[in-house]
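Order of the sequence lines sets the chain letters (A, B, ...), proteins ahead of strands, with each chain counted from 1.
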Amino acid sequence: MTDSSTNMRLKLPITCFILEIILIILFGVLVVYDDDTDAKAFNKNMKMNNSTAGGHNGHGSGTSDDTDYNNDFYYRYPSFQDVHVMIFIGFGFLMTFLQRYGFSSVGFNFLIAALSLQWATLMQGFFHGLHEDGKIHIGVESMINADFCTGSVLISFGAVLGKTSPLQLLIMAVFEVTLFAVNEFILLSMLGTRDAGGSMTIHTFGAYFGLMVTRILYRPKLEQSKHKNSSVYHSDLFAMIGTIYLWMFWPSFNSAVTAHGDPQHRTAMNTYYSLAACTLSTYAMSALTAHDGKLDMVHIQNAALAGGVAAGTAGEMMLTPFGSMIVGFLAGIISVLGYKYLSPILEEKLKIQDTCGVHNLHGMPGILGAIVGAVTTAVVPKEVYGNGLIKVFPDVASGDRETTYQAGVQAISLVITLAIAIFGGLIVGFILKLQVLGAPRDNACFEDSVYWEVPGEEHFEEELTAVRTEETDKMNS
Amino acid sequence: MTDSSTNMRLKLPITCFILEIILIILFGVLVVYDDDTDAKAFNKNMKMNNSTAGGHNGHGSGTSDDTDYNNDFYYRYPSFQDVHVMIFIGFGFLMTFLQRYGFSSVGFNFLIAALSLQWATLMQGFFHGLHEDGKIHIGVESMINADFCTGSVLISFGAVLGKTSPLQLLIMAVFEVTLFAVNEFILLSMLGTRDAGGSMTIHTFGAYFGLMVTRILYRPKLEQSKHKNSSVYHSDLFAMIGTIYLWMFWPSFNSAVTAHGDPQHRTAMNTYYSLAACTLSTYAMSALTAHDGKLDMVHIQNAALAGGVAAGTAGEMMLTPFGSMIVGFLAGIISVLGYKYLSPILEEKLKIQDTCGVHNLHGMPGILGAIVGAVTTAVVPKEVYGNGLIKVFPDVASGDRETTYQAGVQAISLVITLAIAIFGGLIVGFILKLQVLGAPRDNACFEDSVYWEVPGEEHFEEELTAVRTEETDKMNS
Amino acid sequence: MTDSSTNMRLKLPITCFILEIILIILFGVLVVYDDDTDAKAFNKNMKMNNSTAGGHNGHGSGTSDDTDYNNDFYYRYPSFQDVHVMIFIGFGFLMTFLQRYGFSSVGFNFLIAALSLQWATLMQGFFHGLHEDGKIHIGVESMINADFCTGSVLISFGAVLGKTSPLQLLIMAVFEVTLFAVNEFILLSMLGTRDAGGSMTIHTFGAYFGLMVTRILYRPKLEQSKHKNSSVYHSDLFAMIGTIYLWMFWPSFNSAVTAHGDPQHRTAMNTYYSLAACTLSTYAMSALTAHDGKLDMVHIQNAALAGGVAAGTAGEMMLTPFGSMIVGFLAGIISVLGYKYLSPILEEKLKIQDTCGVHNLHGMPGILGAIVGAVTTAVVPKEVYGNGLIKVFPDVASGDRETTYQAGVQAISLVITLAIAIFGGLIVGFILKLQVLGAPRDNACFEDSVYWEVPGEEHFEEELTAVRTEETDKMNS
């Protein structure tokens with residue numbers, strides 16, 4: 001299965017080296033430690049005598065300054081690592097459901113995520129992180145935000161899965177990260193939109209961007225690879241590793257960058273109940289709609305997660321567990337219906353070949369989440385928040401705007417996000433059509449061996465060949 | 001493999017929808033945020049001027065109130081997520097060892113856990129969480145307790161694995177969660193029993209409840225599915241993912257709801273050493289008892305975890321690492337001997353078909369843990385705890401009872417737990433015999449395709465068929 | 001595949017029992033809780049009236065002492081669990097890439113890690129943890145250090161993977177842990193070397209120790225097992241689970257025992273960027289050097305991690321993200337070149353059969369990390385650290401030495417580490433040659449069935465046999 005246009009010997013190394021060298025130079029010029037990671041800044045008030053150094057038991061030491069516990073690291077690092085697992089294990093393994101695309105699913109996920117988080121640090125820092133000194137100051141919160149932006153790229157990857165070269169994916173990542181940062185800047189910094197878990201900025205954006213890219217890259221003859229565009233028993237189990245990790249850590253995802261204290265706590269809990277309710281409606285709808293009343297792994301692997309997406313905006317608000325469960329319940333229903341009825345229509349009528357069904361997992365639930373966020377903003381009186389209002393709606397707490405105005409801002413933000421995602425995806429889709437980027441042929445999609453050295457399949461194929469050969473020999477003799 | 005009685009098209013959706021709608025209504029009526037998750041309550045003492053809002057770098061913001069670090073979220077959320085991984089990945093994948101039951105193991109685990117944690121929130125809240133306002137106040141600690149209760153249901157699932165429909169499992173979960181909450185209320189709230197890691201409330205209860213259910217559901221003709229009641233090479237590797245996660249995070253499990261500070265720290269450490277010692281005795285006993293001196297994966301996958309179960313009650317006490325290692329060492333020995341010698345007897349003589357051997361992993365080690373807890377309570381003088389006594393034995397610290405009395409309470413609690421579990425399991429077993437619940441036939445146990453749409457096995461079967469067909473054709477020609 | 005010399009029925013149980021009993025006795029005599037895990041010591045200043053006990057919601061309780069949040073548990077336990085996952089899932093699954101050695105990779109990893117962490121607690125405690133009372137005081141930091149030491153043993157395991165019995169591995173672990181503690185004591189306690197993430201103490205030591213052991217155990221006829229010394233499609237996916245977990249949690253590894261506050265935060269962030277840059281250079285080099293421009297899973301699984309190893313010493317210093325990315329970028333290039341060009345030379349010329357290529361992942365990147373550490377120490381002016389200098393270079397902050405002197409110490413430490421590792425590995429290699437330890441025969445390496453009961457392969461082999469038999473029968477008739 002060799003093909004000169006898909007050969008990556010020079011294209012991929014050159015692209016990776018150039019991108020990484022540009023990143024390193026820009027980091028050297030623009031990026032510095034923030035106050036919680038910088039030795040001088042963090043310890044500027046430290047009294048020398050209340051701190052002892054030198055470890056009593058090995059590698060390090062445990063100097064305990066009075067303010068150490070207030071380092072943002074201790075508020076956010078556990079959440080960061082959960083998000084990190086979602087990005088690399090969650091997204092990576094969720095996409096291994098294809099029978100012969102496991103290396104690419106995990107491996108390209110790994111590659112484009114490693115690029116995206118670096119580029120996102122710069123783009124997000126450039127748009128909303130520049131300090132008065134003209135530098136980008138980074139710490140654990142910017143690491144989480146970089147991972148968030150990366151998640152958006154990986155959602156788009158899900159739409160084009162199996163049909164793109166690693167080179168196309170790297171190029172897509174560079175553009176998508178940039179547009180993500182623009183959209184995020186407009187929403188969070190200019191408009192004061194609240195979207196802690198990214199129903200709009202991450203999920204809606206990533207989904208519709210990816211759907212537009214895959215629309216432009218439409219392959220009329222994709223059925224030539226149809227037999228590989230499906231799962232096998234073990235690949236579905238690998239995919240469940242991804243699903244379960246995404247499901248478990250979604251409370252951390254939605255709460256990772258909310259304000260300290262009650263918002264982090266509340267967001268995690270709201271998401272937990274939203275997901276639990278979503279799981280029950282997903283199983284119900286899967287049995288109801290699938291063949292013979294049997295459960296369909298595609299639904300379980302994906303729709304059960306829609307409750308996390310849909311709680312992404314309102315999760316930090318006083319949504320209550322009750323409200324969260326209603327949201328999750330609806331998200332699961334919508335998502336399964338999407339897989340069952342809408343996806344075939346999108347493919348046949350709109351020519352959108354959405355490999356992972358990101359429209360059902362991230363697109364519609366993302367929009368639902370945005371709407372729930374706007375409604376919750378409008379409906380819950382600000383008195384319910386008490387002094388905590390400043391942590392959730394700072395612009396309302398400061399008296400700059402009313403909750404109804406804020407709700408309007410939330411709604412407009414969804415429209416803006418959709419517009420930038422769709423328009424951006426269209427443009428980037430055309431860029432990715434460049435022949436030189438090495439997309440696989442129509443009959444070689446969903447196949448690892450185009451870009452990977454693939455080992456044999458446990459001697460079975462060899463043995464089968466041996467059996468066949470023996471037979472033939474015997475027949476001929 | 002279709003069978004009208006096992007068809008879930010209507011039964012499963014109706015059950016899921018009814019249960020979820022009841023849950024949502026009850027949450028709406030009964031459940032509110034606790035003081036650490038509620039915006040108004042948590043920030044009631046916040047001074048407006050020492051807190052700034054609005055994120056400097058993206059999605060959220062890092063307002064730093066003086067009391068934010070004392071939010072229970074920061075003490076318990078990392079432990080919660082470890083417990084969460086044990087429930088969904090640990091239990092789920094541990095049970096994928098069966099060759100054709102991976103979808104059901106992970107998938108039904110997922111479904112009944114999602115139901116149980118919601119129902120447990122209500123039942124546990126109803127029994128010991130009702131505030132003076134008649135509401136259930138929830139936060140991260142109640143989330144952990146809900147996951148704990150769920151763990152108990154999943155232990156029982158291990159006993160009936162492969163022989164029940166998802167509908168039976170949902171019904172079992174509803175009843176078991178309820179009885180779990182009753183037993184927990186009697187022990188922890190009425191008697192003042194200490195059982196932070198749940199040797200009694202979770203493991204002993206879940207194991208004997210499940211054993212009784214499987215006893216009532218006894219299938220004399222189960223050998224018709226015997227060839228599927230075993231592992232294959234890859235399924236054993238998937239199961240090891242479950243094992244290792246359970247093993248690694250058990251220190252978090254046992255310490256997740258202990259008092260802040262030293263008890264959490266000490267419990268995690270005791271469990272760590274108990275598990276390490278248990279692993280060595282498990283490998284030793286496996287090689288000693290298994291065929292040809294070879295190691296048996298069943299032992300490694302299960303018995304190596306017994307040290308965590310057995311440290312569930314005494315882990316928070318001043319058990320010392322030395323004591324913990326003795327406990328773990330014994331637990332590993334008992335557990336392997338159970339798999340080798342006791343399980344066949346239970347099946348043949350007592351007609352208890354215990355698919356995962358939960359009696360060996362949770363039953364006997366749970367009882368051992370309860371006994372170790374009672375003995376440790378009696379033997380360690382209260383002076384050893386100093387001021388910390390109040391965190392471990394509040395009733396002793398307050399002068400209400402002596403350590404010997406507390407030890408007696410611990411012992412009685414084991415008896416009560418066994419009684420409720422056995423009696424409850426019997427009743428629920430009979431309920432689950434209802435034909436309408438759609439149990440698989442005797443020759444279709446341990447088989448995913450009864451309830452799942454199952455993809456092919458990587459073309460091998462097809463190719464084998466092709467080979468056979470070709471042969472036949474050639475033979476005939 | 002039975003062989004009396006490899007039969008472990010008595011050898012393995014006797015060894016495990018003796019080792020564990022010795023450990024238990026030594027723990028009983030030598031080990032006590034440290035001040036943060038001991039009930040009396042931690043609460044010695046607790047006022048009885050500001051603490052209430054008894055849980056409001058179930059199993060435990062949340063007494064909130066004013067100083068609870070300063071318990072080292074809350075600073076380090078999340079990092080500990082990440083390290084724990086790297087040790088048991090990361091190392092364990094990384095080595096499952098071999099087609100028929102998955103049980104042994106995960107299972108022996110599990111066994112020797114469980115032994116090593118107990119023995120390491122004693123050895124590290126003996127060398128640098130003895131208190132004035134003659135006891136070893138333990139807590140979460142010593143648990144992390146024990147896991148670190150275990151990591152070193154697992155690196156050596158990677159070099160001899162597939163060619164040793166579990167008995168040989170246990171013996172190797174006992175000696176290696178001891179020598180690790182000696183080297184660590186010389187570096188960290190005597191010389192005041194800084195090596196928080198263990199580029200020298202863990203990676204360089206483990207790699208060169210293992211390389212020397214495998215050199216002494218050289219098998220001229222290893223090609224008899226050659227067909228099993230390779231991966232299959234699914235085993236490569238299992239290995240990616242290990243890779244990704246190591247990659248994600250490496251920031252926690254390097255920062256786990258640094259001083260509280262900014263050093264932990266900074267180290268995690270430096271490692272994050274080092275790894276991201278390393279991933280891009282790894283993919284680039286893999287496509288550049290591999291057959292047909294296709295990516296090689298061996299490179300992705302291993303070389304992408306070299307950035308974590310190389311940031312192990314300088315990670316806590318003011319290396320900057322810019323510096324970290326350069327280090328990671330170089331580490332990835334070196335590591336892939338090692339796999340491609342150096343490993344074959346080591347095997348052919350130096351007779352070093354390095355199954356996992358630990359020289360490329362831990363050896364060379366470890367040396368690079370040590371050099372980067374020395375250079376960073378020398379180059380960054382101490383003024384850059386401000387008051388924080390005491391947390392990173394306590395001996396420089398106290399005025400005992402200059403940064404250039406410290407840099408010299410760092411460089412000498414590398415030489416000492418290499419000397420102890422190489423000399424120690426040679427000696428231990430000879431000990432492991434003892435016939436009685438039951439090494440597999442040359443034609444039975446990389447094969448689980450020597451030491452494990454292995455189930456069939458999903459009926460395919462049986463079916464193949466059936467097909468063959470049928471044929472033969474038909475042919476003969």
Side-chain angles (χ1 to χ4, degrees), chain A residues 2 7-9 12-13 16-17 20 24 27-28 31 33 36-37 39-40 42-44 46 51 53-54 57-65 68-69 71 73 78 81 84-85 88-89 102 106-107 110-111 114-115 117-118 139-140 143 234 238 451-453 455-458 460 463 467 471 474, chain C residues 69-70 72 78 82 99 124 128-129 141-142 145 188 196 230-234 237 240 244 248 257-262 264-266 269 272 276-277 279-281 283-284 287-288 290-296 300 318 321-322 325-326 329 385-388 390-391 394 460 464 467-468 471 475:
Chain A
T2 49
N7 188 311
M8 292 283 134
R9 182 185 295 287
L12 188 64
C16 286
F17 278 133
E20 188 58 47
I24 290 175
F27 264 73
V31 175
Y33 292 123
D36 279 2
T37 42
K40 195 170 193 171
F42 184 69
N43 300 288
K44 60 181 181 291
M46 184 168 79
S51 170
N57 189 13
H59 288 270
S61 82
T63 68
S64 179
D65 188 69
D68 281 344
Y69 61 81
N71 194 299
F73 183 79
Q81 276 296 2
H84 217 38
V85 171
F88 288 88
I89 288 283
V106 176
F110 189 17
L111 172 64
L115 171 73
L117 65 87
Q118 296 178 76
V140 67
M143 287 160 66
H234 284 310
F238 277 113
Y451 304 110
W452 296 84
E453 293 198 43
E457 190 63 56
E458 292 170 63
F460 289 124
E463 289 188 42
V467 169
E471 278 162 59
K474 281 169 188 168
Chain C
Y69 60 82
N70 255 329
D72 203 29
D82 291 350
Q99 58 185 282
Q124 295 178 315
H128 26 229
E141 191 174 334
S142 63
N145 280 318
L188 306 191
S230 63
S231 66
V232 290
Y233 193 72
H234 283 311
L237 273 181
M240 280 303 282
I244 300 287
M248 293 186 303
V257 292
T258 59
H260 294 164
D262 58 294
Q264 244 182 310
H265 199 158
R266 183 169 60 242
M269 199 165 74
Y272 173 80
T279 302
L280 266 90
S281 62
Y283 274 79
L288 192 63
H291 179 67
D292 257 347
K294 294 185 179 180
L295 294 162
D296 186 335
I300 308 307
M318 291 293 281
F322 168 68
M325 287 160 74
I326 294 173
F329 187 70
Y385 292 89
N387 289 338
I390 199 172
K391 290 177 168 178
F460 288 126
L464 270 163
V467 169
R468 284 164 185 268
E471 278 161 58
M475 285 295 163

Taking all non-hydrogen atoms of both residues into account, name the closest pair between [X] and [Y] and its distance.
| X | Y | value |
| --- | --- | --- |
| C:L288 | A:R9 | O-NH1, 2.9 Å |
| A:P13 | C:A284 | CG-O, 3.3 Å |
| A:I24 | C:F322 | O-CD1, 3.1 Å |
| A:A39 | C:M318 | N-SD, 3.7 Å |
| C:M325 | A:Q118 | CE-OE1, 3.1 Å |
| A:M8 | C:A287 | O-CB, 3.8 Å |

Please round to the nearest 0.5 Å and tell me the distance separating atom [atom1] of [X] and atom [atom2] of [Y].
| X | Y | atom1 | atom2 | answer |
| --- | --- | --- | --- | --- |
| A:F42 | C:K391 | CZ | NZ | 5.0 Å |
| A:N43 | C:D262 | CG | CG | 4.5 Å |
| C:Y233 | A:W452 | OH | CH2 | 10.0 Å |
| C:R266 | A:F73 | CZ | CZ | 11.5 Å |
| C:Q264 | A:D36 | CD | CG | 12.5 Å |
| C:K294 | A:N7 | NZ | CG | 8.5 Å |

Side chain, backbone, both or neither: which part of [X] has a non-hydrogen atom closer than 4.5 Å to chain A?
| X | value |
| --- | --- |
| C:F329 | side chain |
| C:P78 | side chain |
| C:S231 | both |

Does C:N70 form a side chain to side chain contact (heavy atoms under 4.5 Å, CB included) with A:Y69? I'd like the steps, not just the answer.
CA-CA 7 Å; C:N70 255 329; A:Y69 61 81; 4.2 Å; yes
Start with the C-alpha gap between A:V106 and C:I300, add the side-chain angles, then the distance that decides, and say whether side chain to side chain contact (heavy atoms under 4.5 Å, CB included) holds.
CA-CA 10 Å; A:V106 176; C:I300 308 307; over 6 Å; no
I need the residue from C:T279, C:L280, C:D82 with the largest number of non-hydrogen atom pairs under 4.5 Å to chain A.
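The answer is C:L280.
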Output the option from A:F27, A:Y33, A:Y451 having the highest count of non-hydrogen pairs under 4.5 Å with chain C.
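Among A:F27, A:Y33, A:Y451, the one with the most close pairs to chain C is A:Y33.
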For C:H265 and A:N71, what are the C-alpha separation, side-chain angles and deciding distance, and is it a side chain to side chain donor-acceptor pair (under 3.5 Å)?
CA-CA 8 Å; C:H265 199 158; A:N71 194 299; 2.7 Å; yes
Portion of A:F110 that has a non-hydrogen atom of chain C nearer than 4.5 angstrom
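Both backbone and side chain of A:F110 come within 4.5 Å of chain C.
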